[in-house]
Enquirer: 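Got a structure for you, written out below as structure tokens; questions coming shortly.
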Amino acid sequence: MEISSKYSPQEVEGKWYEHWMEKNYFHSTPDEREPYTIVIPPPNVTGVLHMGHMMNNTIQDILIRRARMQGKNACWVPGTDHASIATEAKVVNKLAQQGIKKTDIGREEFLKHAWDWTHEHGGIILKQLRRLGCSCDWERTSFTMDDIRSKSVIRAFVDLYNKGLIYRGVRMVNWDPKALTALSDEEVIFKDEHSKLFYLKYYLVESGECKVESEEGSIIHQDEKGYYAVVATTRPETIMGDTAMCINPNDPKNQWLRGKKVVVPLVNRVIPVIEDDYVDIEFGTGCLKVTPAHDVNDYMLGQKHNLESINIFNDNATISEAAGMYVGMSREDCRKQIVIDLKEAGLLEKIEDYNNKVGYSERTNVPIEPKLSMQWFLKMEHLADIALKPVLNGDIKFYPSKYVNLYRHWLENIKDWCISRQLWWGHQIPAWYFEWKTENGERKVDVIVALNKEEAEKIAIEKHGLSVFRSPFSVLRQDDDALDTWFSSWLWPLSLFNGILDPDNAEFKYYYPTNDLITAPDIIFFWVARMIMAGEEYQDEVPFKNVYFTGIVRDKLGRKMSKSLGNSPDPIELIDKFGADGVRMGMMLSAPAGNDILFDEALCEQGRNFCNKIWNALRLVKGWNVDENAAQPEAAKMAVKWFDARFNQVLAETNDNIDKYRLSDALMGIYKLTWDDFCSWYLEMVKAPQGQGIDRVTYDATIKFFENLMLLLHPFMPFITEEIWHAIADRKEGDDIIIAQQPKLQAIDEQILKQFEFTQEVINNVRKVRSDKNIAFRDAIQLVVKGTANKDFDCVIAKLCNVSEVSYVAEAPAGAFGFIVGSTEFFVPLTGSVDVEAEIKKLEEELRYAQGFLKSVEAKLANERFVNGAPAAVVEKERKKKADAEAKIAVIEQQLASLRK
RNA sequence: GGGAGCUUAGCUCAGUUGGUUCAGAGCAUCGCCCUUACAAGGCGGGGGUCGUUGGUUCGAGUCCAACAGUUCCCACCA
């Protein structure tokens, strides 16, 4: 049957994936084998595959497939994340398009919509992973909001609350005015902003006691309206919330303001001047306006100095009633208007350009508003403590290791984790508020944390008595808030095997701790660190042993891929175009651990080309006819010996590279072994002459080598390797490469590798002579060797260079092109056309180089301090170099002499 | 403001304890080839004073210092 000269992945990939699924090869159950476990970083349930996923999951699949081929019980657990804030935002948007507001339909109805949305869009990404070839144990597919995972989250919350690690309190939190929820510190992204610094006039209150005294260094402002202080601010729209002005007590230029009262511009509220070291004397005028409700530092000052706190913003960051003016305006509009009004009122001294950092919501990309609110927090001190140890002592290894520092720094400076979100999509906080009326009519509230409502009721009854509980004035209602998404993700390695609810179950005991975690460095704090905390807290054991941080996928200009830039290719389209194997290879070739990868379609093209190369090697071998009577030619015999050694050499390197998570190096090694060593050298050496059959020994060896190459390559390129596996030999049912075992490392014949390297150099030289002199390959030539040499590979030289005869002589032949390999002289006799002058010139060049080299070596050896100081082996090496160089020079000189005759 | 990393061929990167197995790889490029597996290919070639400047050393891409450029992380200077 004719095989196409182009490999077509479209015809191959789907077929094999189905076959693997049918055979249930991806599924794992505990047995006596060593487990190898990976849990997927769960993508957003309603998301679609992007390049980051492609890379990340390719790596996971490589590791999982390799483990499977090493006889381990490989288990890769897939799943998705409910992505609380992101998904809720999408559902809210969708409802808005239908004119529905979430608050109008209520929690239950909203959740119905959210589940519909989840079911409709959910799991697309997992299907896409199948196209990529991912060998996940799909039977284990989980969701952070499925039954077990949800119950695990609730159990963990209750448990941590009972341990005293979770508390509820009023704190300054990061408020997202678009999503209308609190966020954790990690969800705030600071961006540089070109903004303005506004200098506002705060006039002093005139009164009898208020006397301005000039002291040394004072800078007093005064105009026709009186004395005034100048405050520099980037946020003039918050003046309605000012309840003090603060100076540094050690600031000479503002001494005159001590104990005074000033008037907030436009607002006309009188506020005191307070003093605190916190104020930076050098910044602006050294006067700080204090808005305790809207700035973290001001809040701290407010607490310290007992200031009133005026919340001038509504939850959506419009101006509130409490502000008394500009009510209902957006903060942006308000700023514009207030600047105009200040100017008109003569209260704006000047405006300067200013660069500062503004916190934005990671999800909704709107500026964060610091807001005082009641939230739930997880205490981090203890958890940080237990999570630091395993990373510092090497129980968990980071690749690359530079992330250890980052990790440590974060844990050592950690703050409590705000875990409540004012969202509905997610795990509702298992806290109930029991409200009742005391005998004297006072209303009271008790917070009850319990696994479910029934439990909560039981506790309420226990604590407050049945009659109080049943009283018509009593209410038990659950906290409205949901938990941060990461509060479920951090349990992932535990909860996937039901280790929170049932820590003694056999599966959990078998699969946990998992082996490798492959993730992006930008979630090292969000996720990695917290999983380690949870693992240590619940199992007193690490959740995984190695963490491989991938780089961020960028476009070839180094820009982050994003929807708005439109520079992110659709991974599925790439697979359609280049095949999954091609794309996988493209991703892996330039993705050393931790380095950003600059993605370029050309890399996938290289992957596709490689597939094609392999495909054509198959075509060649398939075209061979075995001649059972044929004896094995010498060249083929040597080729088999050599390739066997070479294969084992690369096998050792590959194993080493993968053990060190240097996957791109490993793949490159296999690529070169296949393309250069196998295709360009080996196959050319063993090819039978036109029209002849190949002998049995060589054929079998070749098939074996081909198989071994495919085994080595399979984790990286699963589809084409399975296809080739089945094409090169008759396979019994179930003899599939995916479950075959990796080749075992055999002894490497170093001697033959050295000999062959020498041979390659000879062949390259002959080819160069051919190329230089324009001698077509079909025209046979002769090769003359001066003196003696190892003749083992002469047959190979003859075959690959179309040399009719390799002969050995004592004297250099006249009229021949010469070259030197090592210190052996070779000649290609060519009738009539030798340009003696050119040959002399070439040799002189070589001589110059060799002499220069010799000189440097001699200088080194003449240096007593080197001979005495350097290790003996190094000195010995130099002596050898000297001897070699001298031999080479002698040879060149001799040749020159004979040419000049 | 603090901290970490990076800077080697046109591009993307290796270079693990300092010593021609150290100046490499892949891609790109150039020349010649439709040689019956492969033009998504074959064969051959060119290309870097290892960011700069000092220092340590017999010897530095490799160690140290400073500087420049660049990336990232953290941080309550309005």
Side-chain angles (χ1 to χ4, degrees), chain A residues 3 5-7 172 190 197-198 231-235 238 246 278-280 282-291 295-301 354 356-357 370 400 402-403 405-406 409-410 413 521-522 524-525 552 556 558 578 582 589-592 594-598 600 602-603 605-624 660 662 664-665 668-669 671-672 679-680 683-684 687 690-691 757 764 767-772 774 776-778 802 853 856-857 859-871 873-875 877-878 881 884-885:
Chain A
I3 310 176
S5 71
K6 302 271 189 288
Y7 170 67
M172 195 60 116
F190 285 91
L197 200 53
F198 301 92
V231 171
T233 178
T234 53
R235 298 201 66 189
T238 61
C246 191
Y278 164 75
V279 176
D280 183 347
E282 302 303 320
F283 187 89
T285 57
C287 296
L288 172 73
K289 70 189 215 48
V290 185
T291 321
D295 184 281
V296 184
N297 307 301
D298 291 11
Y299 173 67
M300 172 204 82
L301 284 173
Y354 186 67
N356 67 338
K357 301 231 176 188
K402 65 178 176 188
Y403 288 109
N405 275 336
L406 194 66
H409 185 261
W410 185 71
N413 295 284
D522 51 350
I524 183 170
F525 307 137
I552 290 166
K556 63 178 167 185
F578 300 106
L589 271 185
S590 66
N595 278 9
D596 283 359
I597 93 154
L598 303 192
D600 187 346
L603 294 167
E605 205 174 310
Q606 194 183 347
R608 179 200 59 187
N609 293 355
F610 185 42
C611 287
N612 208 46
K613 184 70 184 178
I614 297 168
W615 187 249
N616 279 290
L618 171 75
R619 289 179 68 215
L620 174 69
V621 175
K622 288 290 277 185
W624 286 349
K660 290 175 180 154
R662 302 171 62 135
S664 51
D665 288 348
M668 181 49 72
Y671 173 77
K672 285 193 276 189
C679 293
S680 297
L683 288 178
E684 292 301 330
K687 240 184 213 174
Q690 185 69 23
E757 262 172 44
N764 286 341
R767 282 171 172 168
K768 189 157 167 22
V769 171
R770 274 187 178 281
S771 173
D772 287 349
N774 268 321
F777 184 81
R778 60 182 169 273
N802 192 14
F853 176 63
S856 77
V857 175
K860 221 182 264 188
L861 284 169
N863 186 333
E864 268 179 53
R865 281 187 292 183
F866 169 71
V867 179
N868 297 332
V874 173
V875 177
K877 226 162 155 184
E878 290 301 311
K881 277 192 258 172
D884 289 349

Enquirer: Counting only Watson-Crick pairs (N1-N3 plus N6-O4 or O6-N4) and G-U wobbles (N1-O2, O6-N3), all under 3.5 Å, who is the partner of B:rG69?
Expert: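 B:rC6 - that is the nucleotide pairing with B:rG69, both distances being under 3.5 Å.
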Enquirer: Which nucleotide, if any, forms a Watson-Crick or G-U wobble pair with B:rG41, using both distances under 3.5 Å?
Expert: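 B:rG41 is paired, partner B:rC33.
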Enquirer: Work out how far the P atom of B:rC64 is from that of B:rC72, and round it to whole angstrom.
Expert: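 Those two atoms are separated by 25 Å.
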Enquirer: Where along nucleotides 71-78 of chain B does protein come under 4.0 Å, by heavy atom, of base (B) or sugar-phosphate alone (S), with - for untouched nucleotides?
Expert: --SSBBBB
Enquirer: Within this structure, what is the CG-to-P distance between A:Leu589 and B:rC13, rounded to whole angstrom?
Expert: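 Roughly 13 Å, once rounded to whole Å.
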Enquirer: Could you tell me how far B:rU70 sits from B:rG45 if I compare only their C1' atoms? Round to whole Å.
Expert: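 These two C1' atoms come out 35 Å apart once rounded.
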Enquirer: Just how far is it from atom CZ of A:Arg235 to atom CG of A:Asn356, taken to the nearest 0.5 Å?
Expert: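 CG of A:Asn356 is found 10.5 Å from CZ of A:Arg235.
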Enquirer: Quick one: label A:Cys611 by what it contacts on the DNA or RNA (base, sugar-phosphate, nothing), any heavy atom closer than 4.0 Å.
Expert: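 The residue A:Cys611 makes no contact with any strand.
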Enquirer: How does protein reach along nucleotides 40-47 of chain B, written 5' to 3' as B (base within reach of a heavy atom under 4.0 Å), S (only sugar-phosphate), or - (no contact)?
Expert: BSSSSS--
Enquirer: Partner lookup for B:rU21, please. Criteria are Watson-Crick or G-U wobble with both distances under 3.5 angstrom; report none if nothing qualifies.
Expert: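 Paired with no nucleotide.
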Enquirer: Whole Å only: how far is the CG atom of A:Asp665 from the C1' atom of B:rG26?
Expert: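 My rounded result for the distance is 11 Å.
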Enquirer: Could you work out the separation of B:rC27 and B:rA14 based on their C1' atoms and round it to a whole Å?
Expert: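 One C1' to the other, the span is 14 Å.
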Enquirer: With P as the reference atom in both, quote the distance from B:rA68 to B:rU21 in angstrom, rounded to an integer.
Expert: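 39 Å, rounded to whole Å.
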Enquirer: I'd like the P distance from B:rG2 over to B:rG47, given in whole Å.
Expert: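 Between the two P atoms, the distance is 46 Å.
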Enquirer: Please report the shortest heavy-atom distance between A:Ala776 and A:Arg770, naming the atom on each side.
Expert: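 For A:Ala776 versus A:Arg770, the nearest heavy atoms are O-NH1, 2.7 Å.
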Enquirer: Is the backbone of A:Thr291 close enough, under 3.5 Å, to the side chain of A:Asp295 for a donor and an acceptor to pair up by distance?
Expert: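 No.
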Enquirer: Using whole Å, report how far CD1 of A:Ile614 lies from P of B:rC38.
Expert: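 Atom CD1 in A:Ile614 sits about 16 Å away from atom P in B:rC38.
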Enquirer: On a whole-Å scale, what distance lies between the C1' atoms belonging to B:rC13 and B:rU53?
Expert: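 The answer is 26 Å between these two C1' atoms.
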Enquirer: Kindly write out the residues that satisfy salt bridge (Lys or Arg N to Asp or Glu O under 4.0 Å) with A:Glu684, not counting sequence neighbours, or none if the list is empty.
Expert: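 By the salt bridge (Lys or Arg N to Asp or Glu O under 4.0 Å) rule, A:Glu684 matches A:Lys687.
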Enquirer: What does B:rU16 pair with, Watson-Crick or G-U, if both distances are under 3.5 Å?
Expert: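 Result: none.
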Enquirer: Enter the distance from A:Tyr354:OH to A:Thr233:OG1 here, rounded to the nearest 0.5 Å.
Expert: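 The OH atom of A:Tyr354 sits 10.5 Å away from the OG1 atom of A:Thr233.
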Enquirer: Taking only the P atom of each, what is the distance from B:rG46 to B:rG24 in whole angstrom?
Expert: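 After rounding to an integer number of Å, I get 12 Å for this pair.
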Enquirer: Would you mind pulling out the nucleotide paired to B:rG48, Watson-Crick or G-U wobble, both distances under 3.5 Å?
Expert: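 Paired with B:rG48, as far as the under-3.5 Å criterion goes, is no nucleotide at all.
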Enquirer: Please report the shortest heavy-atom distance between A:Asp298 and A:Lys289, naming the atom on each side.
Expert: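 Scanning both residues completely, I find the closest heavy atoms to be OD2-O, 3.3 Å.
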Enquirer: Applying a 4.0 Å non-hydrogen cut-off, can you work out what A:Gln690 is touching in the nucleic acid: base, sugar-phosphate, or nothing?
Expert: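 Base, at least one base heavy atom under 4.0 Å.
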Enquirer: Under the 3.5 Å rule, do the base of B:rA37 and the side chain of A:Glu684 count as making a donor-acceptor pair?
Expert: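 In this structure, the two groups form a donor-acceptor pair.
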Enquirer: How would you list, by chain and number, every residue that makes a ring pair (Phe, Tyr, Trp, His ring centres under 6.0 Å) with A:Tyr299, sequence neighbours excluded?
Expert: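 Not a single residue meets the ring pair (Phe, Tyr, Trp, His ring centres under 6.0 Å) criterion with A:Tyr299.
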Enquirer: Under the rule for ring pair (Phe, Tyr, Trp, His ring centres under 6.0 Å), what residues qualify as partners of A:Phe578, not counting sequence neighbours?
Expert: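 Ring pair (Phe, Tyr, Trp, His ring centres under 6.0 Å) check on A:Phe578 returns nothing, list empty.
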Enquirer: Take atom CZ of A:Arg778 and atom P of B:rC33, then tell me their distance rounded to the nearest Å.
Expert: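 Going from CZ in A:Arg778 over to P in B:rC33 covers 11 Å.
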Enquirer: Whole-Å distance between B:rA37 P and A:Leu618 CG?
Expert: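 Result: 13 Å.
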Enquirer: Within this structure, what is the CD1-to-P distance between A:Ile552 and B:rC6, rounded to whole angstrom?
Expert: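 For the pair A:Ile552 CD1 and B:rC6 P, the rounded distance is 17 Å.
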Enquirer: Please lay out, stage by stage, how A:Lys660 and A:Asp665 fare under the test side chain to side chain contact (heavy atoms under 4.5 Å, CB included).
Expert: CA-CA 10 Å; A:Lys660 290 175 180 154; A:Asp665 288 348; over 6 Å; no
Enquirer: Taking all non-hydrogen atoms of both residues into account, name the closest pair between A:Cys246 and A:Val290 and its distance.
Expert: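 Heavy atoms only, the tightest pair is CB-CG2, 3.7 Å.
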Enquirer: Name the closest nucleotide to the A:Lys672 side chain, picking from B:rG26, B:rG5, B:rC38.
Expert: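 The answer is B:rG26, which lies nearest to the side chain.
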Enquirer: Could you give me the CA-CA distance, side-chain angles and deciding distance for A:Asn616 and A:Leu620, then say whether side chain to side chain contact (heavy atoms under 4.5 Å, CB included) is met?
Expert: CA-CA 6 Å; A:Asn616 279 290; A:Leu620 174 69; over 6 Å; no
Enquirer: Return the NZ to CZ distance between A:Lys6 and A:Arg608, rounded to the nearest 0.5 Å.
Expert: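 One finds 9.0 Å between NZ of A:Lys6 and CZ of A:Arg608.
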Enquirer: May I have the distance from A:Gln606 (atom CD) to B:rC13 (atom P), rounded to whole angstrom?
Expert: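 My rounded result for the distance is 15 Å.
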Enquirer: Would you check if A:Leu288 and A:Asn297 make a side-chain contact, meaning some heavy-atom pair closer than 4.5 Å?
Expert: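 No, too far: nothing below the 4.5 Å cut-off.
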Enquirer: Parallel, tilted or perpendicular: which fits the ring planes of A:Trp615 and A:Tyr7, with parallel below 30° and perpendicular above 60°?
Expert: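 Ring orientation of A:Trp615 relative to A:Tyr7: tilted.
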Enquirer: Would you tabulate the nitrogen or oxygen pairs shorter than 3.5 Å linking the protein to nucleotides 58-61 of chain B?
Expert:
| residue | atom | partner | partner atom | Å |
| --- | --- | --- | --- | --- |
| B:rC58 | O2' | A:Asn863 | ND2 | 2.9 |

Enquirer: Who is the Watson-Crick or G-U wobble partner of B:rG1, with both distances under 3.5 Å?
Expert: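 When the pairing criteria are applied, B:rC74 turns out to be the nucleotide that pairs with B:rG1.
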Enquirer: In whole Å, what separates the P atom of B:rG69 from that of B:rC58?
Expert: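 Looking at atom P only, B:rG69 and B:rC58 are 35 Å apart.
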